[in-house]
Every structure is written in structure tokens, then in C-alpha cells.
Amino acid sequence: MRRLRFLLPFLKPYRSILLAGLGWLLVTDLFGLVGPWLLKVGIDAVQGQELTTLYAAALLLVTASLLRYMTRSRSRHSFLHTACRMENDLRRDLLARLLKQSGPFFDRFRTGDLLSRFTNDIANLRTLAGFGTMIFGNTLIVYAMTLVVLLKLSPILTFIALLPYPLLFFLTRYLSGRLLKASARVQRGLGQVSEALEEGISGQAVIRSYGLRSLRGACFDALNERYLEDSLTLARLRNAIGPSMALIAPLGTLLIFYFGGRQVIAQQLSLGELVAFNAYLVQLTMPTLMLGWIFGLVQRGAASVDRLVDILHAEEPPEGFAIAGGERPPAVSLRHLHFGYGDKPVLRDLSMDVGAGTLVGIAGPTGSGKSTLLRLLAGLYPAPEGQMLIDGHDLTRLDGSEHRRRVAMVSQEGRLFSGTLRDNLLYAGSDESEEFLQNVAQAVCLDEEVAHFSRGFDTRVGEGGKALSGGQRQRVCIGRALAKGGSLWLLDDPFSHLDAATARTVWRRLRDLLVGKTVFLASGHASLLAATDRILVLDGGRLVESGTYESLIAQGGLYARLLEKERLQRELEGLA
């Protein structure tokens with residue numbers, strides 16, 4: 001139960017609605033107490049041949065039932081309304097916390113698992129906060145009220161009727177730990193199934209083109225089978241509670257009929273009182289049976305809380321100090337930068353000074369650390385303290401959100417969002433005019449292609465931009481960065497899907513627009529870096545060369561070899 005305190009801050013804003021729901025629930029249960037008592041009055045009236053009393057009891061019974069129906073509806077609305085609001089707030093806070101995390105967090109959690117937490121785990125907590133809270137409150141009220149009336153009718157019979165109920169306590173105590181572990185296994189299994197499903201859908205083109213349907217299907221079947229076994233184990237544990245609880249009510253009823261019947265025969269209890277006593281005892285049957293459902297729900301909720309706490313209690317990046325003059329191009333300095341993903345080192349003893357407004361090219365073979373350096377500069381991964389300076393300030397001490405506002409980053413993946421071409425180009429821009437949109441499209445050589453689209457800028461790009469080619473996606477991403485603006489540009493091989501002629505044209509236009517900005521351009525095409533102010537050459541995570549295009553060619557080192565390799569590749573392609 002201590003785990004479920006996690007929900008209290010999310011329920012607190014709606015405590016007035018919950019209190020109103022509790023009030024309606026109290027009224028509902030009061031009307032429930034009236035029914036058996038009116039039944040007693042009616043039976044005693046029949047025995048005494050008091051027709052007026054009988055008719056009055058029948059009328060009051062019908063009225064109480066109708067009023068109980070209305071108050072029950074009001075109480076349910078209050079609890080379920082609160083649960084839906086809590087679910088909305090919880091999902092919003094989870095996403096906000098998720099978007100604050102840095103790269104290592106997303107390396108640790110897979111997309112499918114996070115989706116499972118956002119859907120199934122939150123749904124478990126919504127059910128617990130809505131139906132679970134309502135039924136638990138109703139159970140407490142019904143037990144408290146009904147026991148008072150039962151004791152008033154016959155303390156001895158009440159004691160006898162409740163004799164089987166301690167079995168419930170020992171049963172739930174025994175199954176508690178096993179249910180919690182089984183629920184946690186089921187939730188983990190569901191996350192793995194969701195992850196495999198997400199990978200299968202997003203990678204369906206690769207799976208079909210490589211003929212991997214049988215292999216992927218076998219992997220999915222194994223995960224699904226394991227999830228099924230865990231679910232069946234959990235179902236068996238839950239089913240062990242339900243029938244056991246269902247046995248308690250009949251035992252109590254049998255004891256009442258035996259001992260209560262003897263009291264009626266001995267005229268120590270009237271027939272109406274016995275019927276009313278049994279009716280009140282029957283009212284405890286459903287709450288008792290629902291205790292098993294609530295118990296299973298609490299265990300699932302506790303397992304879901306454990307999974308959501310990983311996100312909500314994940315360590316946030318520290319709040320740094322505000323950036324003064326964030327619109328100005330920054331100077332960047334590296335001081336013996338070391339960085340790696342886990343135990344795998346990527347950047348080693350990297351030192352450099354880049355002045356404000358400098359256009360820097362980054363070259364190097366695949367796996368040399370170009371993309372990693374740009375991710376660190378963008379603040380997507382935490383740099384080691386004191387090893388990366390922006391305008392002389394340690395990047396780890398700057399406000400991360402403010403730093404990223406001045407960053408315009410374009411990655412080689414070309415990730416777009418579902419929606420229209422217009423939505424994606426202006427995703428982070430403030431100017432939404434048609435003229436501005438046309439200028440952005442022209443800057444990235446998209447204007448002619450958009451003119452041939454039937455719906456122009458209102459063309460839908462599909463999930464992840466699948467309706468566009470790889471080169472079009474990359475140019476939309478460059479246009480999106482132009483629309484956003486920024487003083488620090490980080491371009492991670494943004495022309496990899498473009499042909500050489502288009503790449504040169506886009507880069508020429510873009511270069512003119514980036515005059516006065518601090519720009520880092522990492523590219524697998526070494527020749528594209530010829531017009532930069534300075535070229536940094538990485539190899540194995542180390543800075544092996546640095547200088548202008550002409551000086552690096554004169555050195556005849558790694559950069560010159562990369563250029564020669566490109567030239568030979570072009571010649572071979574021309575011969576082919």
C-alpha cells in the first residue's frame with residue numbers, strides 16, 4: 001500500500017470531487033440499509049395482518065430503490081471523473097519528465113516498453129483510482145453500517161455470521177507477495193511484447209524485403225508464449241481468491257439459518273427480524289467478493305507504480321544558470337574531452353578552440369565520433385564536467401533548455417512528424433506566413449518539388465515522413481532548422497541522402513544564410529567541407545588533423561586520403 005501513496009499528489013487537486021462522491025456513496029448505502037429494514041416491517045405486518053403498514057412499507061421500498069439508483073449514479077460519476085482527470089495529469093507529467101531526460105535514459109529504455117508504461121500501466125492506475133477507490137470506500141461504509149444494524153438485531157448471530165471471515169485475512173496475506181511478483185512479471189512481459197510489436201510494425205519493410213517473417217514471427221511467438229504463461233499464472237492466483245471468498249458468504253448464511261431458525265422457533269427472534277438479518281448479511285456478500293478483485297487490482301497497481309516511478313523519479317538534469325546573449329553566436333572550447341556510451345569509449349582527449357561565428361567542418365571515417373561530438377554540443381548527452389565550454393562557461397552548468405533554444409540541429413536520419421509538409425517545416429518556427437514558407441522551401445531546393453504536389457505544402461508526409469524520399473526528408477529537416485533559427489548550428493551529415501549536385505546547391509544556399517553563425521558540419525563527404533573556415537579530422541575519437549582545406553591537402557594526411565578515396569569512387573561510378 002505504501003507504493004500507492006504515489007497517486008496522492010495526482011488525486012489532491014480533485015479532493016472536493018472525491019469528497020462529493022464519498023458523500024453520495026454514503027447516501028447510497030444509507031438507502032441500502034432501509035431496504036432490509038422495510039422488508040422486516042412488511043413481513044411483520046403480514047403476520048399481524050396490518051395492510052396499511054404493508055402498503056406503506058412497499059411504497060417506501062420502491063422509493064428508496066429509485067433514490068438509491070440516482071445517488072449511485074452520482075457517486076460513480078464523481079469517482080470515475082476523478083480517475084480520468086488523474087490519468088490525464090499523470091500522462092502529461094510523465095511526458096514532460098520524459099522529454100527532460102538526456103540520451104542515456106533513452107538508451108536504457110526501449111520505445112515499446114515506454115509505450116506500454118504510458119498505456120497499460122497508466123490504465124491500471126486509472127482503474128484503481130476510479131472503480132477501485134469507489135468499491136473500497138463502499139466496502140468500508142457497508143461493513144460499518146451493516147455491522148451496526150446486525151449488532152442491534154442480534155449480537156450473538158452477528159458473531160456467529162462473522163466467524164468464517166478471518167479466513168479471508170489469512171488468505172489475502174498468503175497470496176499478497178505471490179500476486180505482486182506475478183503482476184510485475186506480466187507487466188514486464190507486456191512491455192516486451194509491445195516492444196517487439198512496435199519494432200515489427202516500424203521495420204515491416206526490412207522484414208519483408210529480407211524474408212524475415214518466419215524468424216521475427218518465431219521471436220514474437222516466444223515472447224507472446226512467455227507472456228501467456230505469466231498471465232495464466234496470475235489468473236490462477238486471482239482465481240484462488242475469488243472462489244475462496246465466494247465460499248465465505250454461504251457459510252455465514254448456513255450458520256444464520258441454523259442458529260437463527262432455532263431462535264425463531266424459540267420465539268427469541270421474529271421471522272421478519274431473521275429475514276432482515278439475512279438480507280443485511282447478503283449485502284455483505286458482494287463487497288466481500290469485490291475485495292478479491294480490489295486486492296488483485298492493488299497488486300497490479302503496485303506493479304505499475306514501480307514501472308512508472310522509473311520515469312517520474314528519474315534524475316533530471318540539474319538546472320543551470322541562464323544564458324546571457326543567447327542570440328549571439330557562441331565560442332566553443334573542448335578541454336581534453338573524454339566520452340563514451342557505457343564502457344565503450346568514443347571520444348578521447350579531444351581539445352580545440354572554435355571562435356564565435358566560425359564555420360567548422362568535421363571529417364573522419366565511419367565511427368570516428370563525429371555524430372557523438374555534435375550530440376554533446378547539443379546537450380543531448382551530458383558532457384563530462386569542465387571539458388566542454390560554451391563562451392567560456394561549462395556546458396554542464398548552463399540551463400539545458402535555454403542552450404537548446406539557440407541550437408539548430410539537423411541529424412542524418414531525417415525524422416519527421418505525422419502531419420503536413422507545412423506543419424513539419426514550421427514545426428518550431430514563429431513566422432507562419434506563406435512568403436516565409438516559400439523562402440524556406442527555396443533555400444533547401446524544395447520549392448519546385450512542392451509545386452508538383454497536388455496539395456502543395458498541405459501534402460501529408462505520412463508516419464515519420466514515409467511519403468517522402470530520403471532526400472526530401474533531409475531537406476525538410478534542414479528547412480525546419482532554418483525556420484526555427486539559432487546561433488549554434490549542428491549539422492550531422494545532413495546531405496547523405498542527396499545526390500552530389502543537389503547537395504552542393506543546398507549547401508551553397510544554406511552557407512549564405514549561416515554567415516555569422518557558429519556552425520559545425522559533420523559529413524561523410526570530405527569534399528563538401530572545402531568551403532568551411534576550418535576542418536577538424538577525427539579518427540578513433542581523437543583529433544588527428546586540424547586546419548584549412550588547403551593546408552590539410554598540403555599535409556597529405558588522413559583528410560587528403562579521404563578526398564582521394566571519394567575521387568576514385570566517383571570515377572568508378574562514372575565508369576559503371
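For the residue pair L350 and L373, the shortest heavy atom distance occurs at CD2-CD1, 4.2 Å. Taking every heavy atom of both residues into account, N424 and G419 meet most closely at ND2-C, 4.4 Å. Shortest non-hydrogen contact noted between S368 and P365 is OG-O, 2.8 Å. The shortest heavy-atom contact between Q472 and E449 is NE2-OE1, 2.7 Å. Shortest non-hydrogen contact noted between Y559 and A526 is OH-O, 2.6 Å. Nearest heavy-atom pair, G369 versus V346, reported as atom, atom and distance to 0.1 Å: CA-CG1, 3.9 Å.
Using a distance-only test at 3.5 Å, with no hydrogens or angles considered, no donor-acceptor pair links the side chain of N124 to the main chain of G301. A donor-acceptor contact shorter than 3.5 Å is absent between the side chain of Y549 and the backbone of I535. D492 places no side-chain N or O within donor-acceptor distance of the main-chain N or O of V410, the cut-off being under 3.5 Å. A donor-acceptor pair is defined here as one N or O able to donate and one able to accept, closer than 3.5 Å; no such pair exists between the side chain of R480 and the backbone of Y427. When atom types are taken as modelled, the side chain of T420 and the backbone of R460 share no donor-acceptor pair closer than 3.5 angstrom. No side-chain donor-acceptor contact under 3.5 Å links R542 to the backbone of D349. One N or O on the side chain of R15 and one on the backbone of K12 form a donor-acceptor pair closer than 3.5 Å. No donor-acceptor pair closer than 3.5 Å links the side chain of K517 to the backbone N or O of L359. Judged by distance alone, the side chain of K484 and the main-chain N or O of V407 form a donor-acceptor pair under 3.5 Å. At distances below 3.5 Å, at least one donor-acceptor pair connects side-chain atoms of E545 with backbone N or O atoms of L558.
Looking only at side-chain heavy atoms (C-beta outward), R188 and R307 come within less than 4.5 Å of each other. Counting heavy atoms from C-beta outward, S487 and T518 have side chains that stay 4.5 Å or more apart. Between L389 and V332, every side-chain heavy-atom pair lies at or beyond the 4.5 Å cut-off. When side chains are defined from C-beta on, L7 counts as touching L128, because their heavy atoms get closer than 4.5 Å. F520 places a side-chain heavy atom less than 4.5 Å from the side chain of I362. Looking at heavy atoms from C-beta onward, Y227 lies in side-chain contact with V186 at the 4.5 angstrom threshold. Counting only heavy atoms from C-beta outward, the side chains of L376 and L347 approach each other to under 4.5 Å. L521 has its side chain within reach of F495: a pair of non-hydrogen atoms, C-beta onward, lies under 4.5 Å apart.
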Could you please spell out the steps behind the side-chain contact (heavy atoms from CB on, under 4.5 Å) verdict for I311 and L114? CA-CA 9 Å; I311 301 176; L114 289 174; 3.9 Å; yes
Could you go through the side-chain contact (heavy atoms from CB on, under 4.5 Å) check for R509 and Q442 one step at a time? CA-CA 9 Å; R509 295 182 183 181; Q442 185 177 8; 4.1 Å; yes
Evaluate side-chain contact (heavy atoms from CB on, under 4.5 Å) for W489 paired with L513, printing each intermediate quantity in order. CA-CA 11 Å; W489 278 68; L513 297 173; over 6 Å; no
What verdict does the salt bridge (charged side-chain N to carboxylate O under 4.0 Å, His left out) test give for E564 and R561, after you've listed the backbone C-alpha separation in whole Å, the side-chain angles of each residue and the deciding distance to 0.1 Å? CA-CA 5 Å; E564 180 64 15; R561 293 196 298 272; over 6 Å; no
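Atoms CG and CG, from N439 and L482 in turn, are 10.5 Å apart once rounded to the nearest 0.5 Å. Note that SG of C445 and CZ of R475 are 7.0 Å apart. Values are rounded to the nearest 0.5 Å. Atoms CZ and CZ, from R185 and R226 in turn, are 12.0 Å apart once rounded to the nearest 0.5 Å. For the atom pair CG (N88) and CZ (R92), the distance works out to 6.0 Å, reported to the nearest 0.5 Å. Distance check: T233 OG1 to L228 CG gives 9.0 Å after rounding to the nearest 0.5 Å. Here the CG atom belonging to L334 is positioned 6.5 Å from the CG atom belonging to L377, to the nearest 0.5 angstrom.
For the side chain to side chain contact (heavy atoms under 4.5 Å, CB included) with Q474, the lone residue among L498, L416, D493 that qualifies is L498.
With 3.5 Å as the limit, one finds no donor-acceptor pair spanning the side chains of T372 and Y381. At a cut-off of 3.5 Å, with distance as the only test, a side-chain donor of E566 or S527 sits close to an acceptor on the other residue. Side chain to side chain, S333 and D353 meet the donor-acceptor criterion of an N or O pair below 3.5 Å. Side-chain contact of D533 with T358: a donor-acceptor pair under 3.5 Å is absent, judged by distance alone.
Few gaps surround CZ on R335; more than 12 heavy atoms of other groups in view lie less than 6.0 Å from it. Within 6.0 Å of CZ on R511 lie more than 12 heavy atoms contributed by other residues, nucleotides or ligands.
A salt bridge links R91 to E87: at least one charged side-chain nitrogen sits closer than 4.0 Å to a carboxylate oxygen.
Not a single salt bridge (charged side-chain N to carboxylate O under 4.0 Å, His left out) links E413 to another residue, sequence neighbours left out.
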